[in-house]
Amino acid sequence: QVSLVESGGGLVQTGASLRLSCAASGRSFAYYAMGWFRQAPGKEREFVVAITGNGGTTYYADSVKGRFTISRDNAKNTVYLQMNSLEPEDTAVYYCAASAAVNLRQFSGNYWGQGTQVTVSS
């Protein structure tokens, strides 16, 4: 069992940066691939990025490639999402997820956080 708590969301202007954090509790954090999803109002939840347990491999959605960076600190049981050059289209609730699967291209969470709101004003 893994519990996830996101933080770091907020209201920013276009072009700004934010860093989201997801703190995990439970055993064997390094065992899990971690990912971020987001859900905008009226839209389905969409995949953003994922990272393997050892942090060696990442996979990004095309919409965020070059602007967002995922990283993890297994000693702190935390995964981060650095978001740069934010756009109004990035406005969404961002969710952290953990998965025992290893195929990042088919990442789907076994465990989910409660989400953190990111709002980008134009």
Exercise. So how far is it from Leu104 CG to Met34 CE, rounded to the nearest 0.5 Å?
Worked result: 12.0 Å
Problem set entry | Polar side-chain atom of Thr78 near backbone of Lys76 as donor-acceptor pair, under 3.5 Å | yes
For this session: Would you indicate whether the side-chain heavy atoms of Tyr60 and Val48 approach each other to under 4.5 Å?
Result: no
Problem set entry | Worked check of side-chain hydrogen bond (donor to acceptor under 3.5 Å, both in side chains) between Ser3 and Gln1 | CA-CA 7 Å; Ser3 296; Gln1 186 74 21; 5.2 Å; no
For this session: Please report the closest heavy-atom contact between Ala40 and Ala92, naming both atoms and the distance.
Result: N-CB, 3.8 Å
Problem set entry | Residue pair Ser17, Gln82: steps toward the side chain to side chain contact (heavy atoms under 4.5 Å, CB included) verdict | CA-CA 7 Å; Ser17 298; Gln82 178 67 44; 3.9 Å; yes
Exercise. How far apart are the closest heavy atoms of Thr57 and Asn54, and which atoms are they?
Worked result: N-OD1, 4.5 Å
For this session: Could you tell me if the ring centre of Phe37 sits under 6.0 Å from that of Tyr95?
Result: no
Exercise. Which pair of non-hydrogen atoms, one from Asn110 and one from Ser99, has the smallest distance, and what is that distance?
Worked result: OD1-CA, 3.3 Å
Exercise. Any donor and acceptor pair, going by atom type alone, linking the side chain of Thr116 with main-chain N or O of Gly9 inside 3.5 Å?
Worked result: yes
For this session: Applying side chain to side chain contact (heavy atoms under 4.5 Å, CB included) between Met83 and each of Asp90, Leu20, Val12, report the one that passes.
Result: Leu20
Exercise. For Tyr94 and Arg38, what are the C-alpha separation, side-chain angles and deciding distance, and is it a side-chain hydrogen bond (donor to acceptor under 3.5 Å, both in side chains)?
Worked result: CA-CA 4 Å; Tyr94 283 71; Arg38 65 186 182 185; 2.9 Å; yes
For this session: Is it possible for you to say whether Tyr32 and Phe29 belong to one hydrophobic cluster, with membership spreading through side-chain heavy-atom contacts below 4.5 Å?
Result: yes
For this session: With rounding to the nearest 0.5 Å, note down the distance linking CH2 in Trp36 to CD in Glu46.
Result: 14.5 Å
Problem set entry | Sole residue of Val118, Thr119, Leu11, Leu86 in side chain to side chain contact (heavy atoms under 4.5 Å, CB included) with Thr91 | Thr119
Exercise. Could you state the interatomic distance from CD (Gln106) to CZ (Phe47), rounded to the nearest 0.5 Å?
Worked result: 11.0 Å
Seminar exercise, completed: Closest heavy-atom pair, Ala33 versus Ala101, reported as atoms and distance to 0.1 Å, is CB-O, 3.7 Å
Exercise. Is Glu6 reaching over with its side chain to a backbone N or O of Gln114, donor-acceptor style, under 3.5 angstrom?
Worked result: yes
For this session: Answer yes or no: is there a donor N or O on one side and an acceptor on the other, between the side chain of Asn74 and the main chain of Gly53, under 3.5 Å?
Result: yes
Problem set entry | Side chain to side chain, Cys22 and Tyr80, heavy atoms closer than 4.5 Å | no
For this session: Report whether Ile70 and Tyr31 are members of the same hydrophobic cluster (ILVMFWY, side-chain heavy atoms less than 4.5 Å apart, transitive linking).
Result: yes
Exercise. Quick check: does any side chain N or O of Thr14 sit under 3.5 Å from a backbone N or O of Ser121, one acting as donor and the other as acceptor?
Worked result: yes
Exercise. Quick one: are Val2 and Leu4 in side-chain contact, heavy atoms under 4.5 Å?
Worked result: yes
Problem set entry | Side-chain (Thr58) to main-chain (Ala50) donor-acceptor, under 3.5 angstrom | no
Problem set entry | Nearest-0.5 Å distance that lies between atom OG in Ser85 and atom CD in Glu87 | 7.5 Å
Exercise. For Thr52, does its backbone N or O pair with a side-chain atom of Arg72 as donor and acceptor, under 3.5 Å?
Worked result: yes
Seminar exercise, completed: d(Leu81 CG, Thr69 OG1) to nearest 0.5 Å is 8.0 Å
